[in-house]
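Structure first, then comments.
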Amino acid sequence: MSAGLESARAAKARLAAALASHPRVTGVGIARDDRGGNVVKVLLTAPADDIPAEQDGVPVVTEVVGRIARRSL
Amino acid sequence: MNLDDVRTLKQTLLAQPLEAPADGGAALGVHRTPDGDFRLAVRVQGPRVDAAQYVQAASGEADVREIGVVRAFERTARVRPLELGVSIAEVDVTAGTLGCFATADGGARILSNNHVLADEDRASPGAAVVQPGPVDGGRDPADRVGVLARAVALQSDAANRVDCALATVEVDFDAARVAGLGTLSGALLAPAQAGAVAKLGRTTGLTRGTVTAFELDGLTVQYDRGALTFDDQVEVHGDAGAFSQGGDSGSLIVASSSLDAVALLFAGNDEGVTYGNPISAVLDALGATLRT
């Protein structure tokens with residue numbers, strides 16, 4: 001199961017709004033699955049078990065990326 | 001020749017060099033032909049190498065190519081003419097990477113991050129930019145290559161889309177060459193259309209990766225001035241280890257095969273996961289066009 005780009009964008013916007021105050025969410029975007037479809041991707045600072053597996057029928061994936069910083073020295 | 005015979009010949013020749021000019025001889029190896037046979041690979045590096053003697057030693061079964069001088073990719077050195085992917089920074093910054101060259105305000109400009117060329121908005125237009133960056137030994141005025149022209153201000157109270165700035169360029173430069181990769185196409189590619197990508201940066205050099213997310217909103221990134229939020233960002237995972245590390249900020253992320261420009265690298269985590277601003281948003285925000 002995966003979605004077209006416009007469906008994924010709509011689902012992303014709704015999920016981002018729902019997670020706006022989530023303390024561990026550090027970004028919400030779109031990713032390609034291995035069949036070329038689109039999924040919503042949630043970036044986390046630490047594992048969280050309350051991220052839904054799908055939003056409006058679009059699969060949701062998560063990745064713990066931790067702390068992101070600018071890349072100068 | 002079979003593989004073992006080539007290896008034996010190679011070892012014999014290396015043990016008794018036929019000729020070793022001080023300005024470079026020939027490197028020897030094994031060349032596999034399209035039909036699966038093997039030849040002695042002779043890679044001529046010096047101007048006075050007599051390749052014929054290697055061909056004779058291999059009874060004609062040699063693959064000879066002129067490769068000239070090979071330099072290690074040293075991105076922290078002083079490089080003139082300027083080119084993409086080398087260490088650069090405003091004089092009060094440690095070091096970042098020269099992303100690309102642009103045309104703006106009627107002239108050529110160096111394009112990199114605000115936090116590389118404008119020190120997170122602490123530098124004023126006219127501040128010296130040095131190559132290599134100060135942490136790599138760059139000093140003003142000896143290594144000055146231009147001055148800060150202008151930056152897109154970073155916002156602490158609203159979402160950012162870009163971390164970018166322009167510097168003037170006062171020395172010769174090559175806007176198209178991406179060392180080790182090829183020549184910029186001059187075209188831009190939307191992150192949603194990009195798959196395999198590469199970048200050339202000050203710290204990790206040439207790395208390859210894959211776009212693993214795009215249109216990322218609410219991305220929290222740590223700066224000296226605190227945590228800033230970015231919308232519409234691109235995420236890249238390295239294909240073999242980190243795609244970037246500290247000092248690679250400002251690198252241009254390009255599509256691996258076409259060398260279309262995709263994004264301007266600006267952030268990442270300790271594991272090497274990397275984030276960039278779509279290059280079209282960067283150029284729009286600066287009123288600039290990509291130069292090749």
Side-chain angles (χ1 to χ4, degrees), chain A residues 2-48 50-56 58-73, chain B residues 87 89 93-97 112-116 119-120 133-136 154 163 191-192 195 201-203 210-224 227-235 237 244-251 265-271 273-276:
Chain A
S2 61
L5 189 52
E6 290 310 316
S7 301
R9 282 175 172 150
K12 185 197 86 170
R14 293 237 277 183
L15 186 61
L19 297 175
S21 59
H22 195 295
R24 293 184 173 182
V25 171
T26 192
V28 182
I30 297 171
R32 288 270 147 75
D33 65 14
D34 52 16
R35 296 192 309 263
N38 298 280
V39 301
V40 176
K41 182 168 182 177
V42 177
L43 305 186
L44 301 167
T45 55
D50 56 347
I51 307 299
E54 67 171 67
Q55 173 71 42
D56 303 331
V58 179
V60 175
V61 300
T62 62
E63 181 175 350
V64 177
V65 295
R67 177 181 181 275
I68 299 166
R70 62 170 175 54
R71 271 285 196 242
S72 57
L73 288 173
Chain B
S87 170
V93 176
T94 49
T97 296
S112 184
N113 293 138
N114 176 319
H115 76 264
V116 173
D119 195 16
E120 299 187 27
V135 79
D136 297 320
L154 293 165
D163 174 350
R202 177 257 176 210
T203 305
T210 303
V211 172
T212 45
F214 52 92
E215 297 178 26
L216 270 170
D217 295 342
L219 188 72
T220 307
V221 181
Q222 305 298 322
Y223 281 76
D224 284 353
L228 304 183
T229 300
F230 285 81
D231 281 353
D232 193 27
Q233 302 302 299
V234 187
E235 180 186 73
H237 278 63
S244 71
Q245 292 293 352
D248 288 329
S249 258
S251 303
L265 193 159
F266 80 111
N269 72 2
D270 290 343
E271 283 71 51
V273 182
T274 299
Y275 298 90

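Values reported hereafter were calculated over all heavy atoms of this structure, with side chains retained and with hydrogens, waters and symmetry mates removed. Naming: A, B, ... by sequence-line order, numbering from 1 per chain.
Contact annotation for B/Glu120: only side-chain heavy atoms (C-beta onward) come within less than 4.5 Å of a heavy atom of chain A. For a residue to count as touching a neighbouring chain, one of its non-hydrogen atoms must lie under 4.5 Å from one of that chain's; by this rule A/Leu5 touches chain B with the side chain only. Of the atoms belonging to B/Thr94, it is side-chain heavy atoms, and not backbone ones, that fall under 4.5 Å from chain A. With a 4.5 angstrom heavy-atom cutoff, A/Ile30 touches chain B via backbone and side-chain atoms both. Only the side chain of B/Val135 comes within contact range of chain A, judged by heavy atoms closer than 4.5 Å. There is no contact between B/Asp163 and chain A, counting heavy-atom distances below 4.5 Å. Residue contact with chain A, scored on non-hydrogen atoms closer than 4.5 Å, involves the backbone of B/Asp248 exclusively. For B/Phe266, the part lying near chain A is the backbone, with the side chain staying farther off; criterion is any non-hydrogen pair under 4.5 Å.
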Check against side chain to side chain contact (heavy atoms under 4.5 Å, CB included), B/Asn113 and A/Arg71: CA-CA 10 Å; B/Asn113 293 138; A/Arg71 271 285 196 242; over 6 Å; no
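Distance check, rounded to the nearest 0.5 Å: OG1 of B/Thr203 to CG of A/Leu73 gives 5.0 Å. Interatomic distance, A/Ile68 CD1 to B/Glu235 CD, rounded to the nearest 0.5 Å: 7.5 Å. One finds the OH atom of B/Tyr275 at 4.5 Å from the CG atom of A/Leu43 (value rounded to the nearest 0.5 Å).
For the pair A/Arg32 and B/Val211, the minimum side-chain heavy-atom distance is 4.5 Å or more. The closest side-chain heavy-atom distance from B/Asp217 to A/Val28 is not below 4.5 Å.
Interface summary for chain A: among B/Gly96, B/Ala95, B/Ser244, the most heavy-atom pairs under 4.5 angstrom belong to B/Ser244. Taking B/Ser251, B/Ala192, B/Ala89, B/Pro191 one by one and counting their heavy-atom pairs under 4.5 Å with chain A, the maximum is reached by B/Ala192. If you tally non-hydrogen atom pairs under 4.5 Å between each of B/Leu216, B/Leu228, B/Leu265, B/Leu219 and chain A, the highest count goes to B/Leu216. Put simply, of B/Arg202, B/His115, B/Glu271, the one with the most heavy-atom pairs under 4.5 Å next to chain A is B/His115.
A side-chain donor-acceptor contact under 3.5 Å links B/Asn269 to the backbone of A/Val65. The backbone N or O of B/Gly268 lies less than 3.5 Å from no partner atom in the side chain of A/Arg67, so there is not a single donor-acceptor pair.
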